[in-house]
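A quick write-up on the structure given underneath.
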Amino acid sequence: MSFVMEKKLPGDNIIQVVGLVKIYYLDGVEVPAIRGMDFEIKRGEFVSISGPSGSGKSTLMHLIGCLDRPTSGKVFIEGKDVSSLHDNELAMFRNRKIGFIFQSFNLLPRATALKNVELPLIYKGIPAKERRKRAEEVLESVGLGDRMHHLPSQLSGGQQQRVAIARALAPDPAVILADEPTGNLDTASGSEILRILKELHRESRTIVLVTHEEYVARQAERIIKLRDGLIVGDEKITMRSDEG
Ligand SMILES: Nc1ncnc2c1ncn2[C@@H]1O[C@H](COP(=O)(O)OP(=O)(O)OP(=O)(O)O)[C@@H](O)[C@H]1O
Ligand SMILES: [Mg+2]
């Protein structure tokens with residue numbers, strides 16, 4: 001229903017960043033984290049944001065993800081200027097449009113996998129039965145059909161991250177934002193998470209993957225490289241690093 005009211009940008013950019021600046025103020029000292037960025041991400045793209053520690057990756061993800069506001073410049077999501085939204089509207093917009101995956105999983109420790117995945121659907125006001133069905137479906141799609149009633153502490157790291165992916169996917173977000181999703185995982189579990197992200201991309205999801213690891217970044221089809229709060233590269237990947 002609400003999609004009728006939302007304007008689409010020409011070229012179907014799902015994310016547009018214009019003149020973006022973010023300065024933190026710490027004990028009266030300015031810490032510039034993003035010093036002027038412009039770029040677009042199209043619907044269905046799989047983009048990595050890479051760069052060394054402190055280059056502004058997480059800050060950028062927070063701004064794109066409507067978790068924080070820019071000092072100046074704008075972020076448009078599906079053509080909507082998110083800086084024009086009030087706090088409540090911003091939170092609602094975020095819940096509807098963005099699915100987050102974090103390095104540290106951020107699952108509720110006392111809730112089962114199923115409950116963790118159902119939670120964003122509760123916020124969306126989806127009825128209990130439907131929400132249960134949807135949560136089961138997405139957990140099955142990430143290979144956790146037999147782990148739904150486990151608590152996070154009863155799951156491996158890779159399994160916990162797959163619950164987090166299911167939770168991000170459940171409300172059918174416009175964009176999936178993943179900040180170092182393999183950072184806490186061993187190589188095999190990390191590869192499994194990257195495989196799932198690539199599969200989601202094949203299913204036409206839009207994915208933004210933040211990482212400082214070159215190998216992980218190269219799993220996407222495009223890499224935006226940051227350094228010191230600026231974009232220093234924006235390249236298409238022609239051959240995925242796992243394909244030869
Ligand atoms: N809340 C904050 N207050 C003050 N400075 C901050 C804050 N958050 C980040 N910074 C600074 O902003 C810059 C960018 O930080 P950011 O967390 O975006 O880097 P990053 O690229 O994600 O690094 P990492 O790879 O280590 O996660 C850094 O210099 C950091 O110290
Ligand atoms: Mg970071």
Side-chain angles (χ1 to χ4, degrees), residues 2-3 6 8-9 11-16 40-50 61 64-66 77-79 93-102 105 107 113-114 116-121 123-124 126 130-148 158-182 185 188-211 215-224 236-244:
S2 55
F3 63 85
E6 275 158 19
K8 293 240 176 84
L9 286 176
D12 211 13
N13 290 325
I14 205 156
I15 297 169
Q16 188 178 21
E40 289 105 43
I41 292 176
K42 291 201 187 335
R43 195 176 296 277
E45 261 195 306
F46 182 6
V47 182
S48 288
I49 296 182
S50 82
M61 174 167 148
I64 291 174
C66 310
I77 308 286
E78 290 187 324
F93 188 82
R94 179 171 66 230
N95 287 339
R96 258 191 314 130
K97 297 293 181 189
I98 315 281
F100 291 98
I101 302 167
F102 297 101
F105 324 134
L107 300 174
L114 194 59
N116 267 285
V117 177
E118 274 189 57
L119 201 64
L121 302 175
Y123 294 144
K124 255 189 129 182
I126 293 174
E130 198 182 318
R131 158 174 112 206
R132 172 64 51 100
K133 185 163 169 281
R134 174 72 184 152
E136 286 172 354
E137 270 170 20
V138 281
L139 278 165
E140 265 158 30
S141 77
V142 296
L144 290 177
D146 58 350
R147 291 290 187 276
M148 299 201 200
Q159 289 170 338
Q160 289 182 60
Q161 193 60 302
R162 280 188 276 153
V163 174
I165 292 176
R167 179 183 56 186
L169 281 176
D172 194 24
V175 186
I176 293 186
L177 298 183
D179 193 350
E180 302 280 5
T182 60
L185 301 177
S189 309
S191 302
E192 174 63 11
I193 296 305
L194 293 172
R195 190 191 64 73
I196 293 173
L197 292 178
K198 283 191 271 188
E199 195 175 301
L200 294 173
H201 172 232
R202 276 194 294 276
E203 293 166 7
S204 307
R205 297 249 170 214
T206 309
I207 302 170
V208 181
L209 168 62
V210 169
T211 182
Y215 165 77
V216 174
R218 297 190 73 80
Q219 305 304 308
E221 55 178 346
R222 174 182 166 199
I223 306 185
I224 297 175
K236 285 252 185 280
I237 307 286
T238 44
M239 192 190 287
R240 300 271 185 88
S241 56
D242 63 338
E243 288 168 358

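Atom set for the values below is all heavy atoms of this structure, side chains included, hydrogens, waters and symmetry mates excluded. These numbers come from a predicted model, not from an experiment. Just so you know, residue 1 is the first one in the sequence shown, and it goes up from there.
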Might you point out which heavy atoms bring I98 and P173 nearest each other, and give the distance in Å?
-> C-CB, 3.8 Å

Measure across A168 and I101 and return the closest heavy-atom pair with its distance rounded to 0.1 Å.
-> CB-CG1, 4.0 Å

Salt bridge (Lys or Arg N to Asp or Glu O under 4.0 Å): pairs with one or both residues in residues 164-180, sequence neighbours excluded = D172-R205

Closest approach of L197 to P181 (non-hydrogen atoms, all atoms of both residues) = CD1-CG, 4.3 Å

Do the side chain of S48 and the main chain of A217 share a donor and acceptor less than 3.5 angstrom apart?
-> yes

Check the pair L121 / E130 against side chain to side chain contact (heavy atoms under 4.5 Å, CB included), numbers first and verdict last.
-> CA-CA 9 Å; L121 302 175; E130 198 182 318; over 6 Å; no

For the side chain of Q159 and the backbone of L144, is there at least one donor-acceptor N/O pair under 3.5 Å apart?
-> no

Within the side chain of K97, is there an N or O that forms a donor-acceptor pair under 3.5 Å with the backbone of I77?
-> no

By side chain to side chain donor-acceptor pair (under 3.5 Å), which residues pair with E40, not counting sequence neighbours?
-> none

Sequence neighbours left out, what passes side chain to side chain donor-acceptor pair (under 3.5 Å) with R147? Give chain and number order.
-> none

Spatial distance of atom OG (S189) from atom CG (L194) [nearest 0.5 Å] = 11.0 Å

Between the side chain of H201 and the main-chain N/O of E45, is any donor-acceptor distance below 3.5 Å?
-> no

Apply ring-ring contact (aromatic ring centres under 6.0 Å, His included) to F102 and list each qualifying residue two or more places apart in sequence or on a separate chain.
-> F100

Straight-line distance of E78 CD to R96 CZ, nearest 0.5 Å | 8.5 Å

If you measure from CD1 on I193 to CD1 on I165, what distance do you get to the nearest 0.5 Å?
-> 4.0 Å

Taking every heavy atom of G190 against every heavy atom of L185, the minimum-distance pair comes out as N-CB, 3.9 Å

Closest non-hydrogen atom pair, R134 against L169 | NH2-O, 3.2 Å

Which heavy atom in A166 sits nearest to a heavy atom in L139, and how many Å separate them?
-> CB-CD2, 3.9 Å

Any Lys/Arg nitrogen of E192 or R195 sitting under 4.0 Å from an Asp/Glu carboxylate oxygen of the other?
-> yes

R43 side chain vs D12 backbone, donor-acceptor pair below 3.5 Å = no

With sequence neighbours excluded, what pairs up with E136 under the side chain to side chain donor-acceptor pair (under 3.5 Å) test?
-> none

I49 side, atom CD1; I64 side, atom CD1 - distance, nearest 0.5 Å | 4.5 Å

Rounded to the nearest 0.5 Å, the CZ atom of R132 sits from the CG atom of L114 at a distance of 4.5 Å

Could you list the residues that satisfy side chain to side chain donor-acceptor pair (under 3.5 Å) with R94, not counting sequence neighbours?
-> none

E221 (side chain) donor-acceptor with F46 (main chain) under 3.5 angstrom | yes

Between L177 and V210, does a side chain to side chain contact (heavy atoms under 4.5 Å, CB included) hold up when you go through it step by step?
-> CA-CA 8 Å; L177 298 183; V210 169; over 6 Å; no

So how far is it from K198 NZ to S191 OG, rounded to the nearest 0.5 Å?
-> 8.5 Å

Ignoring hydrogens and geometry, is there a side-chain-to-backbone donor-acceptor pair from R162 to V142 under 3.5 Å?
-> yes

Mind running side chain to side chain contact (heavy atoms under 4.5 Å, CB included) on I223 and R218 for me, showing each step along the way?
-> CA-CA 7 Å; I223 306 185; R218 297 190 73 80; 4.0 Å; yes

Can you name the one residue among I15, V175, I207, N13 that meets side-chain contact (heavy atoms from CB on, under 4.5 Å) with I41?
-> I15

